[in-house]
Structures are given as structure tokens and as C-alpha cells.
Engineer: 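Below you will find the structure I want to go over with you.
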Amino acid sequence: MSIQLQMLGTGNAFAKKYYNNNALVHADDYTLMIDCGITAPLALHQLGIELDTIDAILVSHIHGDHVGGLEEIGFRGYFVHQRKPVLYIASTLISPLWDHTLSGGMTQEGISSIDDIFDVRPLEPEQPVELAPGLKIELIQTPHIDGKYSYSVLINDHIFYSADMKFQPQLLEHLVRERGVHTILHDCQLYPPGIVHTTLEELLSLPDDVCRTVKLMHYNDTKDDFVGKTGEMEFIEQHKMYTFPE
Ligand SMILES: Nc1ccn([C@@H]2O[C@@H]3COP(=O)(O)O[C@H]3[C@H]2O)c(=O)n1
Ligand SMILES: [Zn+2]
Ligand SMILES: [Zn+2]
């Protein structure tokens, strides 16, 4: 079965032309949302996608452009739909997400923990989980902010979806050459220095066989200036539906 991917947004944290870098992954009639940033509820609305068509949300790390929409989604589930959204999240991120991000806005009578709002399904890195027939995910811990956890996602063994991450050429080579990854969706900082992200320059330095698999996302508003300057790597466009072989 093929996987369909639609980015709700492809922008970086400060982009204004593009929504936050969040994705919908469709496997048959199951839909997984990867990250739920500040702009995710608006992007869903603009696309005419109802919340109840999303089967689960997966969180890569705790930054606003990746989790900032969870309060709205959680409250809508609690007060409007009387349904807890399913939340796949690395076990190390559960307490940071609730204690440092969500609890300030959401704690009230009847709501005292993340489990009151979400159907939390803890994940461990390198332990694949089948979410639905035809959709398997595996978290891979990748470096982003020193001292904080962040997890990229391997989809059906062959599609690597980067969380925000510093350049990891050895990991990317390993994924393509040893693990059969055919598509790498990678965050891309167009201007150096990357510091907490991978730059276009770094991605262009990858060997050809790896470079060929890379598609660029999480870019800034001047992305059009770089069209034709990214070698074999193409920019993923928000809202367009892409089909990848399994
Ligand atoms: N050490 C840091 C930490 C964060 N940042 C910026 O803040 C953004 C938070 O969301 P992001 O998508 O991870 O991108 C980060 C950097 O732009 C940064 O530039 N340097
Ligand atoms: Zn980000
Ligand atoms: Zn980040």
C-alpha cells in the first residue's frame, strides 16, 4: 500500500507565507498528523479537514510550531466533541509537554493531567509500532536543542521524516544504504548558520545517492529565491498531496 503525505504547512517557526511544518500521513483510511503547531488548526480549517477525520497526532518535540495547536485541539475534544484525541508521544516528552506547555492553560476543575485531555500512547525510540494496517512508525532520537529530547520519525521503514534536527550525515547515509530508506523529508535552513537546524549547504554536501532521496521542508519565506539552487532536492509544497511507495 502506498502512503500519502500532505503537509499542513512547510514553514519554519517564524515563516508567515507558510503554515507551521506539520504533516498529514494517510495510509488507506487512517490519518496521522505529525506535529500540531500554532497554525495547525487554521491550516486544517483552510483545507476543510474536520478534526474527527484525524485518527491520531504524533509529536516530535516541544516547540510552538510543533505543539502549539494542541491546546485548541484538546479543548475542542473535551468541550465540543467529548472525545480524547489519540496522542503518540515519546515517553520522555510527556511531562515536558504537560508541565511546561499545556498545563498552564488547561488545568481547571476536572482537568489535572494530560490523560484528562488526550488518549496518550507513549512511544520509545527504536521500537516500531503499527498504528494501523499499512502504517508503522518508529521514533529515532535526533539532536536539535542541546539537553532537550527530539524525535524524527521513520514511516513504514522507508520514509524518514526529520524532526527539527542538526545535520546528521552518518545517520542519513545509514538510513539510505543500510535500512532501505527511499525518501527523506528534511527540515532545511536556507541561510547558514544552522545551529539547531540543518542548512541547505549541509544537505547539498551529502553523497549523490543520499541527496537524491531528500525533499526539503521547514523553510523560510524566501524559499522561492532558492528554487533551482537545491541540486536534486526539491521543495515539498504545503497542501499538495504526495504519494510515496511503501
Ligand atoms: N538555540 C536556538 C533555539 C531556537 N532558535 C530558533 O527558535 C525556533 C524554535 O522553533 P524551531 O522550528 O526549532 O526553530 C528555532 C530557531 O529558529 C534558535 O535560533 N536557536
Ligand atoms: Zn520547528
Ligand atoms: Zn524545533
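One-based numbering, in listed order, for ligands and for the atoms of each.
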Engineer: Quick check on contacts: which atoms of ligand 1 are under 4.0 angstrom from a heavy atom of Asp65?
Structural biologist: 10 (O), 12 (O)
Engineer: Taking only heavy atoms of His218, which atoms of ligand 1 are found under 4.0 Å from at least one of them?
Structural biologist: 12 (O)
Engineer: Taking the N/O/S atoms of His144 one by one, which is nearest to the Zn ion (ligand 3)?
Structural biologist: NE2
Engineer: Without hydrogens or angle criteria, can the side chains of His63 and His144 be said to hold a donor-acceptor pair below 3.5 Å?
Structural biologist: yes
Engineer: How are the rings of Phe75 and Phe79 set relative to one another: parallel (under 30°), tilted (30 to 60°) or perpendicular (over 60°)?
Structural biologist: tilted
Engineer: Can you tell me which residue and heavy atom of the protein come closest to atom 3 (C) of ligand 1, and the distance to 0.1 Å?
Structural biologist: Ile145 CD1, 3.6 Å
Engineer: In terms of side-chain geometry, is the basic nitrogen of Lys136 or Glu130 positioned less than 4.0 Å from the acidic oxygen of its partner?
Structural biologist: no
Engineer: Quick check: does Asp164 get an N/O under 3.5 Å from an N/O on ligand 1?
Structural biologist: yes
Engineer: As an exercise, identify every atom of ligand 1 less than 4.0 angstrom from a heavy atom of His144.
Structural biologist: 13 (O)
Engineer: Do the side-chain N and O atoms of Ser150 and Gln141 include a donor-acceptor pair separated by under 3.5 angstrom?
Structural biologist: no
Engineer: Under 4.0 Å, heavy-atom basis, I'd like to know which part of Asn21 is in contact with ligand 1: side chain, backbone, both or neither.
Structural biologist: neither
Engineer: How are the rings of Tyr219 and Tyr18 set to each other: parallel, tilted or perpendicular (split at 30° and 60°)?
Structural biologist: perpendicular
Engineer: List-wise, which protein N, O or S atoms are found short of 2.8 Å from the Zn ion (ligand 2)?
Structural biologist: Asp65 OD2, His66 NE2, Asp164 OD2, His218 NE2
Engineer: Can you pull out every side-chain hydrogen bond (donor to acceptor under 3.5 Å, both in side chains) where at least one residue sits in residues 76-85? Sequence neighbours excluded, please.
Structural biologist: Glu72-Arg76
Engineer: Starting from atom 6 (C) of ligand 1, locate the nearest protein heavy atom and write down its residue, its atom name and how far away it is, to 0.1 Å.
Structural biologist: Phe14 CZ, 3.9 Å
Engineer: On the 0 to 90° scale, with breaks at 30° and 60°, tag the Phe226-Tyr191 ring pair as parallel, tilted or perpendicular.
Structural biologist: perpendicular
Engineer: State whether the side chain of His239 and the backbone N or O of Leu8 hold a donor-acceptor pair below 3.5 Å, judged by distance alone.
Structural biologist: yes
Engineer: What residue and heavy atom of the protein are closest to atom 15 (C) of ligand 1, and at what distance?
Structural biologist: His197 NE2, 3.8 Å
Engineer: Identify the closest protein heavy atom to atom 5 (N) of ligand 1: which residue and atom is it, and at what distance?
Structural biologist: Val196 CG2, 4.3 Å
Engineer: Anything under 30° is parallel, anything over 60° is perpendicular, the rest tilted; go ahead and classify His186 against Phe160.
Structural biologist: tilted
Engineer: Is any side-chain N of the basic residue among Asp187 and Lys166 closer than 4.0 Å to the acidic one's carboxylate O?
Structural biologist: no
Engineer: Can you check whether a protein heavy atom sits less than 4.0 angstrom from atom 19 (O) of ligand 1?
Structural biologist: no
Engineer: Should the pair Lys229-Glu201 be classified as a salt bridge under the 4.0 Å nitrogen-to-oxygen rule?
Structural biologist: no
